[in-house]
Amino acid sequence: LGTSSSIHGNFLQCLSQQSQTSIPVYAPNNANYTSVLQSTIQNLRLLSSTTPKPNLIITPLHESHAQAAVICSRKHGIQIKIRSGGHDYDGLSYVSDVPFVIVDLTNLRSVTVDAENNTAWVQSGATIGEVYYNIGVTSRTLAFPAGICPTVGVGGHFSGGGYGSLLRMYGLAADNVIDARIVDVNGRILDKKSMGDDLFWAIRGGGGGSFGVVLSWKIRLVSVPPTVTVFTVAKTIEQGATELIHRWQEVAPKLPKELFIRVIIDVVNANQNGDKKIQASFNSMFLGGSENLLTLMKERFPELGLEREDCIEMSWVQSTLYFNGFPIDGPLDVLLSRAQPKRFYKAKSDYVQQPIPQIGLEGMWRRLLEEDQPVVIFSPYGGRMSEISESEIPFPHREGNLFKIQYLAYWEGLEETEKQLSWIRKLYRYMAPYVSKSPRAAYLNYRDIDIGQSKNGTATYLQGKVWGGKYFKSNYERLVHVKSKVDPENFFRNEQSIPSVA
Ligand code: FDA
């Protein structure tokens, strides 16, 4: 690979020797290379001609193909990037500064629901929409607590945490993983028992890409009532959004677990002269019927003024359509679609432990109004999230967090990139006094290489702690310990991977 075509040839030969069946491999001169590469690149910022491209893309059809990819890459000293759904915000699953190959799990995508035992086996290349679809067609009262957008891939999502509207009731996707199959650095397939407690702990929230290729996950399905209720109530600043959000910070994290109310803040047109204004949408799911929801809201958050007309009752799987703007009475198969709206964007995250004063919120509004398409999402914590200990899995953001902030900048063309990156970084600096400190915590699945990175995954323990401390807090130490044990030579690496100190 790289400059040497003989290594390239030896690598391909190794692949064919390792497998009895033919492994799909795409080189740049293959007619399908570009479409395979681009298929799941979600961020247009990373789809440009200057983005480094892989020397090969391997798309395993069987577990043994993924084993062969690991064995041969290691043998020939080739860097691999593992990709499932390709939704990594900074492209760590398909970009590298050194010559590399992508192991793309898109074909390993089966979802097998066992409704009798309330479990499912899900391969990493499935999307969470496929998981929801398969649960939804099996049962009205089973669900799984993962993310909102159906095209997100299981492999990255589960290994980095994964949350959605069931977060306050059931925690993260990673909290509900009960077994997994992984290809380790020696090319062996291990399950929960054979990988041992440490490695099984690390892959549930410690991030894909540091420990091996996770092939599949056994998940615990959770119970939901046959009817859930959703609503979205939008308010502008003129309609009291600032005061409402200020109040929401105190109320939302303490509500009963069944109620999840997030706030999506964006900029909308104020009139036809191009003036803009801030709008806050209170976007919610309640595990129960609308009568109970209305009573609860009157008692706990009357300021929002929720009315019966705002409430829509439906099944849980229909709520996954609702949160994505699909018609709730339409066919469920939209959840199976892998077509994704690609956009230019950059995101960052924060955790909030003390309510942000109104003056702080107002400063945020002023900054949002400088841009055309900013979005900020406040997602409430509390409930189940506060019951799980910080060290149960590597994801550490539990009790004491009121909510998480996600900041997003969207734009239209590559030439705008630098301006937008500098705008979102400025907003992030502005927020520093209002959010968690020492470390300023971040959510791994909202990948942000601004908070620290190493060239080609070669960080020392202390360098890795710069981002590892933010994503994992004190769990960073145990992750380094596991990494050093299972992958001492640091074969599985990326710009924000866990270093080995072996
Ligand atoms: P991708 O394939 O890009 O992988 C991400 C990382 O995991 C990379 O480092 C990769 O190497 C590694 N990896 C992937 N598969 C692996 C495997 N099988 N074994 C080992 N390592 C592997 N999050 C959330 O919690 N809730 C939400 O609602 C949303 N919504 C959302 C919407 C949209 C449009 C985007 C783009 C993203 C989100 N996310 C999210 C964030 C999402 O959870 C995060 O980007 C996941 O890591 C994506 O997983 P993929 O498999 O798609 O990514």
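Counting starts at 1 for both ligands and their atoms, in listed order.
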Sub-4.0 Å heavy-atom approach of Arg447 to ligand 1
yes
Asp90 side chain vs Leu92 backbone, donor-acceptor pair below 3.5 Å
no
What protein heavy atom lies closest to atom 32 (C) of ligand 1? Include the residue and the distance to one decimal.
Cys149 CB, 3.4 Å
Quick one: which ligand 1 atoms are inside 4.0 Å of a heavy atom on Gly209?
20 (C), 21 (N)
Verify the distance criterion only: is there a donor paired with an acceptor across the side chains of Asp104 and Thr59 at less than 3.5 Å?
no
Inspect the contact between Arg398 and Asp175 and indicate whether a charged nitrogen and a carboxylate oxygen are less than 4.0 angstrom apart.
yes
Can you tell me if Tyr443 contacts ligand 1 (heavy atom of the residue under 4.0 Å from the ligand)?
yes
Measure from atom 12 (C) of ligand 1 to every heavy atom in Ala173, Gly208, Pro341, Gly125 and give the option owning the shortest one.
Gly208
I'd like a table of donor-acceptor pairs (distance under 3.5 Å, sequence neighbours excluded) in which one partner is a side-chain atom from residues 149-164, with atom names and distances.
residue, atom, partner, partner atom, Å
Thr151, OG1, His87, NE2, 2.9
His157, NE2, Gly147, N, 2.9
Ser159, OG, Gly155, O, 2.7
Ser159, OG, Gly156, O, 3.2
Ser159, OG, Gly208, N, 3.1
Tyr163, OH, Ser379, OG, 3.4
Tyr163, OH, Tyr446, OH, 2.6

Could you tell me whether ligand 1 has any atom less than 4.0 Å away from a heavy atom of Gly86?
yes
What I'd like to find out is whether the side chain of Ile219 reaches to under 4.5 Å of the side chain of Val122, using heavy atoms alone.
yes
Phe403/Tyr381 aromatic ring centres below 6.0 Å:
no
Any heavy atom of Gly162 closer to ligand 1 than 4.0 angstrom?
yes
Checking heavy atoms under 4.0 Å, the part of Phe492 that sits near ligand 1 is neither
At under 4.0 Å between heavy atoms, what of Phe211 touches ligand 1? The answer is neither
Assert yes or no for the condition that the ring centre distance of Tyr471 to Tyr476 is strictly below 6.0 Å.
no
Tell me the protein heavy atom at minimum distance from atom 52 (O) of ligand 1, and give that distance in Å.
Gly153 N, 2.9 Å
Any N or O of Ser93 that comes nearer than 3.5 Å to an N or O of ligand 1?
yes
Nearest protein heavy atom to atom 18 (N) of ligand 1, by residue and atom, and its distance?
Val214 O, 2.8 Å
Measure from the side-chain N and O atoms of Trp201 to the backbone N and O of Ser391, and report whether any donor-acceptor pair falls under 3.5 Å.
yes
When you look for heavy atoms under 4.0 Å from ligand 1, do you find them on the side chain of Asn494, its backbone, both, or neither?
side chain
So between Asp90, Val183, Asp88, whose heavy atom ends up nearest atom 6 (C) of ligand 1?
Asp88
What do you reckon, does Gly156 have a nitrogen or oxygen under 3.5 Å from a nitrogen or oxygen of ligand 1?
yes
Set of side-chain hydrogen bond (donor to acceptor under 3.5 Å, both in side chains) partners for Asp191, sequence neighbours left out:
Ser194
Determine whether any heavy atom of Gly91 lies closer than 4.0 Å to an atom of ligand 1.
no
Using heavy-atom distances only, which candidate in His157, Gln123, His87 approaches atom 23 (N) of ligand 1 most closely?
His157
Where does Ser124 meet ligand 1, judged by heavy-atom distances below 4.0 Å: at the side chain, the backbone, both, or neither?
side chain
